[in-house]
Protein chains: 2
Amino acid sequence: MVKEMVAVMGSKTEEFKEEKEIFLEHIQKSGLRRTAQRDLILEVFLRTEDHLSSEDLYWLVQKEDPNVGQTTVYRTLKLLTEAGLAREVRLGDGRTYYEHHFDHEHHDHMICTECGEVIEFFSAEIEELQDQMAEKFNFKPTHHSLRILGICGECQKLEREQSVASGAQPRVRVKTTLN
Amino acid sequence: MVKEMVAVMGSKTEEFKEEKEIFLEHIQKSGLRRTAQRDLILEVFLRTEDHLSSEDLYWLVQKEDPNVGQTTVYRTLKLLTEAGLAREVRLGDGRTYYEHHFDHEHHDHMICTECGEVIEFFSAEIEELQDQMAEKFNFKPTHHSLRILGICGECQKLEREQSVASGAQPRVRVKTTLN
DNA sequence: CCAATTATTGAAACAGTTTGCATAAACAAA
DNA sequence: TTTGTTTATGCAAACTGTTTCAATAATTGG
């Protein structure tokens, strides 16, 4: 078990060198310690280009090393966030998701309430207006999150087909956890 | 105990007539039943112009009728949301808050990460740009939520005073639950 | 190399919310 | 009104995502 960990320590792939350096730097700067778990979690996180909840990531990591607890994944994700490698995103269900942050432009999200698809978008104009708004209230913004909930193109199409096929009963929306 | 309830049923105040009608209508349309608890919860909710968590509301209701359970408050708030009288707001801590929705203009929130103050604001330009964005992705928006996290004017002032008084140590941010 | 210090870990605790169930209350029909 | 049917209620227990804590492991100073 320990031997395996040592093997992992040597960092499986040579990809993501930059990110790994950043992580190490952050670890050292904060007086923390490099561990096999943290290396593995970072590795798997970087490999997965998606919005991951802590639990999602936990299971992915489990597959490669069953000796990693949920807690460690939570903490490591928090670390990655501090290091600037990950960004917390709340999509609207209770969960917190994480997405790559390093080398990724800032963006906001549209979320389909039918299928859960997440569309990333960016608008410089909206950003600008937000800052103006904040200034008007003498508010110093540090972050913001803009989520647009609705129905994606695909689901709209499906909806139309369904209403034709089954005689246009109004469809019941799935779990409208607003906001 | 039953007598009291009957007294409450008759609706304590004559205010909020419109909202109460809407609620009744929704109740009937959905084949649900009017009950003393629901009436009381609605009443107290309407009386309190604020962002309330389910628990907040629970305690307020408790004061007037100790025979109301948390569960009922949760369920009723969901009802009120469906009826269009309340709106769910996630301010960033785990909790779900509710605010008045009927007859209240749509707005977004700035949240102070120091003191928790919530500033409501509205920008027609931002709304417009959001719709344009959605259209660009063929996305049919139903709701949106824009949160700006940062530091309110008051806390900025405090910060400045503190840094003068105590010799300008960089201040540690309280619970930076981003996003 | 050993002891003392400090960080890391996973299990258990925790908060907020939801669900299942037996009882009580609302409503409709007689 | 009374009866029968169906829904609402509130408790307790389940569940979810997250944080805490005591035991363990790593690192540092002597």
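Both backbone and side-chain heavy atoms feed into the values below; hydrogens, waters and symmetry mates do not. Below, chains carry the letters A, B, ... as their sequence lines are ordered, and counting in each starts from 1. Please read these numbers as outputs of a predicted model, since none were measured by experiment.
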Do B:H109 and B:H51 have ring centroids that are under 6.0 Å from one another?
yes
Verify the ring-centre separation between A:H143 and A:H106: is it less than 6.0 angstrom?
no
Can you see which heavy atom on A:V44 is nearest to which on A:E64, and at what distance?
CG2-OE2, 4.0 Å
Name the closest nucleotide to the A:S54 side chain, picking from D:dT18, C:dT17, C:dG10.
D:dT18
Which nucleotide, C:dA7, D:dA8, C:dG16, lies nearest any side-chain atom of B:L32?
D:dA8
Distance check: side-chain N/O of [X] vs OP1/OP2 of [N], anything under 4.0 Å?
{"X": "A:Q37", "N": "C:dT9", "value": "yes"}
{"X": "A:K78", "N": "D:dT19", "value": "yes"}
{"X": "B:R33", "N": "D:dA8", "value": "no"}
{"X": "B:T96", "N": "C:dT17", "value": "yes"}
{"X": "A:S53", "N": "D:dG17", "value": "no"}
{"X": "B:Y74", "N": "C:dT17", "value": "yes"}
{"X": "A:R75", "N": "C:dG10", "value": "no"}
{"X": "B:T71", "N": "D:dT9", "value": "no"}
{"X": "A:R34", "N": "D:dA26", "value": "no"}

Tested for side-chain hydrogen bond (donor to acceptor under 3.5 Å, both in side chains) against A:H104, the lone hit among A:E99, A:E49, A:R87 is A:E49
Does B:K140 pair with A:E114 as a salt bridge, N-O distance under 4.0 Å?
no
Spacing of [X] atom [atom1] relative to [N] atom [atom2], expressed in whole Å:
{"X": "A:R38", "N": "D:dA26", "atom1": "CZ", "atom2": "C1'", "result": "12 Å"}
{"X": "B:D93", "N": "D:dT18", "atom1": "CG", "atom2": "P", "result": "13 Å"}
{"X": "A:Y58", "N": "C:dT9", "atom1": "OH", "atom2": "P", "result": "14 Å"}
{"X": "B:E55", "N": "C:dT18", "atom1": "CD", "atom2": "P", "result": "14 Å"}
{"X": "B:R95", "N": "D:dG17", "atom1": "CZ", "atom2": "P", "result": "18 Å"}

Closest-nucleotide ordering on DNA chain D, the 5'-leading residue of B:G31 and B:V68
B:G31
